[in-house]
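Proteins come first, then strands; the chains are lettered A, B, ... in the order of their sequence lines, and each starts at number 1. Below, all heavy atoms of this structure are taken into account, side chains as well, without hydrogens, waters or symmetry copies.
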Amino acid sequence: MRKRTLILICLLLPLIMTGCFDSHEIGDFAYVTAMGIDQGISDTFRLTFQISKFSQGGGGGGENDGGGGEKSEDMEVITLDASSLLSAVALINSNISKELNFMHLKVIVLSEEISKSGKLQESIAPIIRYRHIRRTTNIIVSKGNAEEFIAELKPYPGELITKTLEELFKKSSTTGYFYHTTLNDLYDGIKSPYHALLLTYGSVNEEDKFESEGDAFEGESDIPGNFYAGEIPRKGGSKIELFGSTVFDGDKMVGKLTGFETQMLLMVRGELKRGPFSITDPSKPDVVIPIDISEFEQPEIEVDLSEEKPKIHVKLKLEGDIASIQSGIDYETPERIPIVEDAFEKYLTKGIEDTFEKCKKLKADVFKFGTTAVCEFWTIPEWEEYNWLGKFSESELEVEVDFTIRRTGKLLRSEPIYSSEGKE
Amino acid sequence: MLKGLKNLFVYKKPSEHGFRFPEDAQESESWNSYRGKTSNLQDKSESNNSQENRKENQDRDTERDSGKYNSNEDQKDKKRQNKRDKEEKVRIIRPKPVYELVKKKDSRDDNKENQEKINEKEDTKQKDIKDSQENTPESHNKDKENPKESNSEEESENENMSDNQENCSESDETQKNQKSKGSKNEEGEDSSQNNSQEDKENDIDVSCSIEENIKTLKDIFHLPVNQDVIIREFKIAREIKACVVFIDGMIDKSIIIQFTLPQLMDPCALEGFEEGCPIDFLEKNILSIHQVVRMNNYKEIVPQILSGLTVVFIDGCDECLVMESRGYEKRDISVPSTETVVNGAQEGFTENLRTNITLIRRIVKNEALVTEFKIISKTNNILAALLYMEDITNKKVVEEIKRRVDSLNIDYISGSGMLEQLIEDKSFSLFPQVISTERPDRVASFLMDGKAALVCEGTPFALAMPITFFDLFHTSEDSNLRWQYGTFLRIVRLIGTLIALLLPGLWTALILFHQEMIPTSLLASIVISRVPVPFPFIIEFILMELSFELIREGGIRVPGITGNTLGIIGALILGQSAVSAGLVSPSLIIIVAVTGLGSFTIPNYSLALAVRIARFILIGFGAIAGLYGLSVGFTIFCALALGMKSFGVPFFTSIAPETKSNRDKIVRGPLYNQDQRPDYLNTQNEERMGDNPRGWVNSSKPGGGRGNDQGR
Amino acid sequence: MIKEGNFGYHEAISLLVITIVTKVFFTSPAILVEIVGTSGWYMTIISMLVAIFAFMFLYLLLKRFPQKNIMEIADLVLGKLGSTIFLLILGGFLLWTASVSVREFAEVLKVYVMPKSPPSFIMILFLVTIIVLSFMGMETIVRFAKFIIYILGAGYILVVLLSSQNFAPRHLFPLLGYGLDTTIIHGLLRSSFYGDIVIIGVIASSLQGYKEIKRIGFSALLISGFLTSFSLLVFTLVFPYTVGQELTSPMYEMAARIDYGGFMQRMEPLFLFLWNFGTFIEVSFILYATIMIYCHVFRIEDKRPIILPMVTTLYSLSLIPKSIIEVTSGLVQTLRSWGWIIYYMPPIVILIIAFIRKKKGESQNA
């Protein structure tokens, strides 16, 4: 036993002396929370890093951080031109006291410009090889420069930027207005023979759509959410907007979808868990009936490859509640409920068909019909030879929507309004 | 190895170990039977030995030893023979004049070796005297060196004595020796097998003359100087000279004041006595003491006196009466301080052996509970008791324990703690291999499981063996509570243990190596809290862990009741000020505190200490190579723990290696499902319960009760 | 001297299953996907069946000579010279497989966890562990396997369960991968994946009789077949075949993709422990088996002095490959595809020779 201990000590001693190659003090790093990639000017890429210092308020620490001041996060944004991420990191490391660390990178922002130029393969795909960058990092394609986007990326008051971002991306599954994508999705998408790549679309809202003065709104409401990021008529709050999605063919961006289209898309993909919709009232076109879809069943998708053109059949089954009836019309009777249901079914069918047509033109199967089509093939060579992504643009879609209203909210009936003129 | 072999050789049945004065009726029976048995034994062995001894009278010292060996020679292998030769050489080196030198104590001209030996002898003189008497034959065999020395010592001593002795004509060494041999052969009762060869100074028979006896006693106890031993001389019925000998403070005075002296000194005491030695008459008719035994050899008598018995010497008798009179001060039974429970017995052991055994016996009221006594240390004569269930415990375990205990050759043992260290399998292992408990109910349950227990004088702890990790991990409360609660407590304890062991290492690894594995929000708060800290993480951490250990240790040593409070307050203040001084990050304090709490959940003190030490090693591994280093460290610890055995039972038995067992490891099943004794103990009776332990359930279906019971 | 001791059913199965299955956590699944595409998860079942078939021969051999291990049997059947050659080949091969495992482990660990540490540092730390385990003897290795399998099992199940958020059942299609013929051929070849089962022959005398060996062998093969298949299935569900073949350690990436937001993310540490403990057991077991063979060949009683030299040899062997590419697509690939020749053929050959010299075998046996 003593001999054994001695041997152990002899063997361990050099280890202790030489060890700790990978050991780092936790404070030695500058943690990058967001990274932007733009088309470069003096070199291939322009890289923007947002570095979070995680420090709260005045810094210095101790316990005197109460003092009423907002917990605003100290952040630093560094932008530089470089030929690759690695060289950019090396350049920055030589100039700041800390080492850049991407382990807690939350979001990578790609500019629309660089996405359209088809440089994904060169710019972003290789970084998956870096040990530090996780596959769960979120990806956004920004309307303008990634640099500007990152400059506006600020935490919700009192929160860490990372928490804010995490929470923001979660919204995807409840509204469906944008699609939450990660680096893994990107990588998967550009390499996949099953489907095309779809990425989150984001933008800085310049608040130019918000008209503070003008005539009162008249006429029919637009389909809700039928616009792109940066176009929401709003004011205040974070300037960052995630809305809609971008469509890629291979690693080249070919188009973008509005928030509404993204909703339709996700519905067919079966990735929308619940969501608010509003249809124009069938009897009173100037008002809407908001409908809260509470349950989606997995859509039934069939792909028929027997003919030259693939035929796709989609069957959706939804359940929902009426959130309100602006017109006050008493739809809550068994006879009239189908009117709303039919109207909604048509609304969805049209929405999906329009979205499908748009994607068909873009030649990108973002609906993931390919994952169904693949079941028709036995071996990989057959499947790859068929080239689904090419055939997709020739395909035809048939949509069937089955919508049922289950509940009508807290009201079971709508009584008309009484005024001095009597019953309306 | 050699020792072990020797022991195996001489080992005899347990009942022959009656090496002490019987303390109650039950025991005295067995004691008597022991006497009978030893006499037989002796007859066998003595015949060999005595002849040789007589031949070798002249070179007594050497020859005694060699005689001993010769007697066993045929059985021994060559190695041992070699060793013996060596020993003999050593002995031979000592020239005879040494004894004289010892006697005179003045000549310092001799070579150093001799002198040293002499000194040693002087020191150990007293001890040796006491020592030899109660030892079993086996233990004598194991004494390698000390006996030699003491032998020479004895002789010198004896020489002194014999000069003055007239009656028994032990005027010189050789004669005396012969005499003692002879008497043994005749009587055969008092001395055991190997006494003849090994025996030490006190191997003197009681003389017929009271004066001579007193002289001998005074010599033995260094009387004029040593004022503890009291020799009260008186006359029985105003006629026969007699004396009582006892040690002041060790006895219950009323025995002597009320039941010995009045009866004996009563003028009518000898009424009805006819001729011959009055001892028989006195024992049977006069002394109203519950335990009286006759002895005739100082080798036996002296230890009895030392342990608080009273001896009556009577003129004209070559035997004396040894009376039970122990009555020293002792601590009362109190609540166990190291193993407190909420629900369960609140009695703890005390320092008194007798009390402790009574406590156990009160729980296990069964005739199969065997208690064997044995003096384990040579000089301070600490008594230990081995307890086991005759019809349950595996005989091999008992034999192994006895083998180890018997082979101890050590002057001083203070109690169970030292004994534990001397009998455990691997002293380099970090984990305890014997469980030490303060609770009689735990010992009882160990005994009923088929384990053996060692109770030792001097410490309020009993040892149980063989053990596994789970014995260290369980408390007596677990089985007292309903199984749901017991299981919950055990899970909490398991989490606590794992935290205490692994959390510091994990934390080190995460902070230094795996920043990517910390959730971002947690990372943020760590980064912020570490901003003002000037130390590198590892130094900060070790500093904090060390100061926590300091507080724990300091808290124990602080005198008075302030200790515990000081510990807690100290920790709070220290932590608080360290944080506000910017020396330590608050997150680290939490880690250290949680680790400390975790280590407090470990029920066994030894295991908790092991975990506390292992924690530091794992921090080291974590700091070398992160989680990878941690798994290396963990694997090494596991390998060492898994390779470890407690009396032949692997430490993690019933998990690795897998054995048949009840559901009683971490998750405890209902009580009636635990119908097996631990499989690894190979007990004689594996079943702990009947087929249908709860007769009222399912009484129509004998045997099938187990599965069905659970539903009800 | 270390005694091998005896060990029971559970211990032996834990040991063999860990030894076999651990390999799936490293680079081989990616290469598998490259070869057979989406059909890897049932291809391995074919491999397992082949391994079971091959194990039958080993079992028959061990049954013919009960209570003897393969070294003693080789001595009896092949004669001294023959058995020495055979055993040296087997031992050398085992040592080589161990060295490949060590190197693969070190490389993967370096890529994912410790990029700045030199591989020799990782390896030395690794080998220290192996030395300690070997010094404690086979019994301890076996017990450690039994002890740790609870942790490994829990970690494995947790990783799989948590990964279920990333499952995409359509990734299994096309079902036949690159064609049934490719799948079957590679399934047959890749039976070497289960080749470690032959070590059961080396430790045969520590197991309780040939009936027990049969039970252990078949159960171990079935369980590890199931676990391997399940791992590959899960991995195919998470990564499409196009991505899956690119990954260095697919299973680890799979664990890294677990993200339930907030705290339930970054689960790789769990997987790291699977790697570490699994490989510790795998390598120390194979190494110890090698030492047993070596000691038998050269009639060495005490194994401890052999451990250090053997580990040094292992270390040097594992440093030979130039790069991770040479390890993964060269050595590991060769081992998995052609290892069966050395794993499975010798028992069959010995069995045939034993049949031919029937009398000799029987008489020795009786």
Got a sec, which residues hit side-chain contact (heavy atoms from CB on, under 4.5 Å) with B/Leu597, two or more places apart in sequence or on another chain?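 side-chain contact (heavy atoms from CB on, under 4.5 Å) check on B/Leu597 returns nothing, list empty.
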With C/Thr279 via side-chain contact (heavy atoms from CB on, under 4.5 Å) - residues at least two apart: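 Scan of C/Thr279 (side-chain contact (heavy atoms from CB on, under 4.5 Å), adjacent residues dropped) gives C/Thr22, C/Phe26, C/Phe105, C/Phe126, C/Glu282, C/Val283.
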Name the region of [X], side chain, backbone, both or neither, that has any atom closer than 4.5 Å to a heavy atom of chain B.
X        : answer
C/Ile151 : side chain
C/Ile148 : side chain
C/Phe280 : side chain
C/Phe273 : side chain

Just so I understand: if I count every heavy-atom pair under 4.5 Å between each of C/Ile281, C/Ile141, C/Thr140 and chain B, which residue has the most?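 Most heavy-atom pairs under 4.5 Å with chain B: C/Thr140.
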Sort out for me which residue in C/Arg143, C/His10, C/Lys146, C/Glu139 forms a side chain to side chain contact (heavy atoms under 4.5 Å, CB included) with B/Pro657.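 The single option meeting the side chain to side chain contact (heavy atoms under 4.5 Å, CB included) with B/Pro657 is C/Arg143.
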Close side-chain approach of [X] to [Y], heavy-atom, < 4.5 Å:
X        : Y        : value
C/Phe135 : B/Leu640 : no
C/Tyr150 : B/Ile655 : yes
C/Asn276 : B/Leu630 : no
B/His514 : C/Val113 : yes

Any chance NZ of B/Lys665 has more than 12 other-residue heavy atoms, nucleotides or ligands included, within less than 6.0 Å?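 Yes.
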Looking at B/Lys396, I'd like to know if its NZ atom is crowded, meaning that more than 12 non-hydrogen atoms belonging to other residues, nucleotides or ligands lie closer than 6.0 Å.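 Counting other residues, nucleotides and ligands, NZ of B/Lys396 stays at 12 neighbours or fewer.
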Can you measure from OG1 (C/Thr129) to CD1 (B/Ile636) and round to the nearest 0.5 angstrom?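 Answer rounded to 0.5 Å: 5.0 Å.
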Let me confirm one number: the CZ-CG distance from C/Phe147 to B/Leu642, rounded to the nearest 0.5 Å.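 Those atoms lie 6.0 Å apart.
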I need the minimum non-hydrogen distance between C/Phe144 and B/Cys638, along with the two atoms involved.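 Smallest heavy-atom distance, with atoms named: CE1-CB, 3.4 Å.
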For B/Ala639 and C/Met136, which heavy atoms make the closest approach, and how far apart are they?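 Looking at all heavy atoms of both residues, the closest pair is O-CE, 3.5 Å.
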Given C/Val132 and B/Phe637, is the side chain to side chain contact (heavy atoms under 4.5 Å, CB included) satisfied, shown in steps? CA-CA 10 Å; C/Val132 173; B/Phe637 270 116; over 6 Å; no
Quick check on B/Ile518 against chain C: is it the side chain, the backbone, both or neither that has a heavy atom closer than 4.5 Å?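 For B/Ile518, the contact with chain C is made by the backbone alone.
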Is B/Tyr628 reaching over with its side chain to a backbone N or O of C/Ile122, donor-acceptor style, under 3.5 angstrom?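 Yes: the side chain of B/Tyr628 pairs with the backbone of C/Ile122.
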